[in-house]
Amino acid sequence: MTLEELYRLLRSGHIQTQAIVDTLHEPLIVLDKAFTVCNANPAFYRTFGTDMDGTIGHSLFELGNGQWDIPELRTLLSDVVPKASAIVGYQVNHDFPGLGERSMCVTARQLAIPGNSSTQMLVVFEDVTDRQRAEARKDILIAETRHRMKNLIATVKVIARQTEVAGVTGAEYRDRFLGRVDALLIAQDFISASGANADLAALIDQCLSPVAGERTDLVASPAVSLSENQVLPLSMILHELAVNALKYGALAGDGVIRVKWNTELEEGSRRLVLQWQEVGGPPVAPPKHIGFGTRLIDYSIKAEGGSAIFHHDPEGLRVEITLPIQQ
């Protein structure tokens, strides 16, 4: 091999090695034993908004606004070359110039040069900010899901215990229990889909459709947004009223359920006034005893600071529900 051929071979290897380094997306630098920057790749310049003049020949601890001047990091780096140790994933949280608050993981190892005991080290930086934020959001989501599941299971247990068993068959108990569980699941799905602003008209339609089908007359009323914690109690209330109408009221015959609402001011606060009226069903008489459905309605509405007034008119049940509108 001639000197010219050897030069070409070495130059080709150097160009390929440099191309590999320049292609990497991870910022990296090479430090000497005094922690002075000997080399850096383009990703380092892009990430930290600097250039060769502001980097090469400067101490790592002088770069930027002193973001790497951390006593513990100094101690760790001082052991990399003499003790052939390594730093893996040392995290630095800092307000980096031009980047803002970021989390960087630093990994440092002695530079490996065949046949030569190098006194230089390779330092690689990894921005883990977005990954940590995603993991934090995932942790919050998991915690919220667990919380919701516990509440959901607790509510199902209450429904199971409170659904009447005296004087009913197993099939009747099953149908009543599953109907209430379905209403609970509808409310949960609605909460997930609607978030913090649940539309009242959409909620009424979704709650009544499984029981009343198209026999619901929603009178044109003003748009009202419900808070997330109001969706579940109102869903259960609507379900109980619809089931009662199916057993004893308008839906037991050829009637319909007419629902309308408005809002009004009371002592400086807005409240929802919802009117439930059954039309075209059999004659209505006051119940001889108060069942779980009525108790559920009364408890749910009072827990939200509202009220429910029942009018057992012979021509059809009327219910007036009031509920504070949470801003």
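Hydrogens, waters and symmetry mates play no part in the numbers below; they use all other heavy atoms, side chains included.
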For L111 and M121, what are the C-alpha separation, side-chain angles and deciding distance, and is it a side-chain contact (heavy atoms from CB on, under 4.5 Å)? CA-CA 5 Å; L111 194 63; M121 70 183 81; 5.8 Å; no
Run the side-chain contact (heavy atoms from CB on, under 4.5 Å) check on S235 and L203 step by step: do they pass? CA-CA 7 Å; S235 296; L203 177 64; 3.3 Å; yes
Go through the steps for V80 and L76 under the test side-chain contact (heavy atoms from CB on, under 4.5 Å), then give the verdict. CA-CA 7 Å; V80 170; L76 292 171; over 6 Å; no
Is there a side-chain contact (heavy atoms from CB on, under 4.5 Å) between I297 and V319? Walk through the geometry before answering. CA-CA 11 Å; I297 292 173; V319 184; 5.9 Å; no
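A perpendicular orientation is assigned to the rings of W68 and F48, their planes being inclined by more than 60° (bins at 30° and 60°).
Both F310 and W261 are part of a single hydrophobic cluster, where members link through side-chain heavy atoms under 4.5 Å apart. I204 and V256 are not part of a single hydrophobic cluster, where members link through side-chain heavy atoms under 4.5 Å apart. Hydrophobic clustering keeps V128 apart from L28 (ILVMFWY residues linked when any side-chain heavy atoms are closer than 4.5 Å, directly or through intermediates). If you chain together hydrophobic residues whose side chains sit under 4.5 Å apart, Y248 and L241 never meet in one group. Cluster membership for L208 and L246, using ILVMFWY side-chain heavy atoms within less than 4.5 angstrom, is shared.
In this structure, Y173 places its OH atom where more than 12 heavy-atom neighbours from other residues, nucleotides or ligands lie under 6.0 Å away. Around the CG atom of D254, the shell of radius 6.0 Å holds no more than 12 heavy atoms that belong to other residues, nucleotides or ligands.
A heavy-atom distance below 4.5 Å is found between the side chains of R109 and V88. Side-chain contact between N39 and F44 is absent, with no heavy-atom pair separated by less than 4.5 Å. Looking at heavy atoms from C-beta onward, L234 lies in side-chain contact with L200 at the 4.5 angstrom threshold. Contact of the L63 side chain with the L60 side chain is registered, since non-hydrogen atoms from C-beta on lie closer than 4.5 Å. The shortest side-chain heavy-atom distance between D205 and T216 does not fall under the 4.5 Å cut-off. The side-chain heavy atoms of I309 and R318, taken from C-beta on, include no pair separated by under 4.5 Å. Side-chain contact between F125 and T47 is absent, with no heavy-atom pair separated by less than 4.5 Å. Counting heavy atoms from C-beta outward, T36 and Q120 have side chains that stay 4.5 Å or more apart.
Here the closest non-hydrogen pair linking Y90 and E72 is OH-OE1, 3.4 Å. Here the shortest heavy-atom pairing between A212 and I257 reads CB-CD1, 4.4 Å. Summarising the geometry of L251 relative to A242, their closest heavy-atom pair is CD1-O, 3.8 Å, with the distance given to 0.1 Å. For the pair N93 and Q91, the tightest heavy-atom approach, listed with the atom from each and the gap, is OD1-NE2, 3.1 Å. Of all heavy-atom pairs spanning N65 and Q67, the tightest one is OD1-OE1, 3.0 Å.
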Cut-off 3.5 Å, no hydrogens considered: what does the side-chain donor-acceptor table look like for residues 271-286, sequence neighbours left out?
| unit_1 | atom_1 | unit_2 | atom_2 | d |
| --- | --- | --- | --- | --- |
| R271 | NE | E264 | OE2 | 2.7 |
| R271 | NH1 | E266 | OE1 | 3.2 |
| R271 | NH2 | E264 | OE2 | 2.4 |
| R271 | NH2 | E266 | OE1 | 3.4 |
| Q275 | NE2 | E320 | OE1 | 2.9 |
| W276 | NE1 | E278 | OE2 | 3.1 |
| E278 | OE1 | A250 | N | 3.0 |

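Side-chain N or O atoms of T107 include none that pairs as donor or acceptor with a backbone N or O of V124 at under 3.5 Å. Side chain of D32 to main chain of A34: a donor-acceptor pair is present (N/O by atom type, distance under 3.5 Å, no hydrogens or angles). Between the side chain of S78 and the main chain of T75, a donor-acceptor pair closer than 3.5 Å is present. Under a 3.5 Å cut-off, the side chain of H311 and the backbone N or O of G316 do not form any donor-acceptor pair. Of the possible donor and acceptor atoms, one in the side chain of N41 sits under 3.5 Å from a partner among the backbone N and O of E26. Listed for the S300 side chain is no donor-acceptor partner under 3.5 Å among the backbone atoms of P233.
Atom CG of L323 sits about 4.5 Å away from atom CD1 of I301, to the nearest 0.5 Å. Atom OG1 of residue T129 and atom CE of residue M104 lie 6.0 Å apart, to the nearest 0.5 angstrom. Note that CZ of R131 and OG of S103 are 10.0 Å apart. Values are rounded to the nearest 0.5 Å. Between I237 atom CD1 and Y299 atom OH the span is 12.0 Å, to the nearest 0.5 Å. In this structure, CD1 on I87 lies 4.0 Å from CG on L77, to the nearest 0.5 angstrom. Atoms CD and CG, from Q132 and D127 in turn, are 9.0 Å apart once rounded to the nearest 0.5 Å.
Taking F61 as the reference, F35 meet the ring pair (Phe, Tyr, Trp, His ring centres under 6.0 Å) condition, with sequence neighbours excluded.
Under the 3.5 Å distance criterion, with hydrogens and angles disregarded, no donor-acceptor pair is assigned to the side chains of D182 and H239.
Among residue pairs with one or both ends in residues 211-227, those qualifying as salt bridge (charged side-chain N to carboxylate O under 4.0 Å, His left out) are D217-R258; sequence neighbours excluded.
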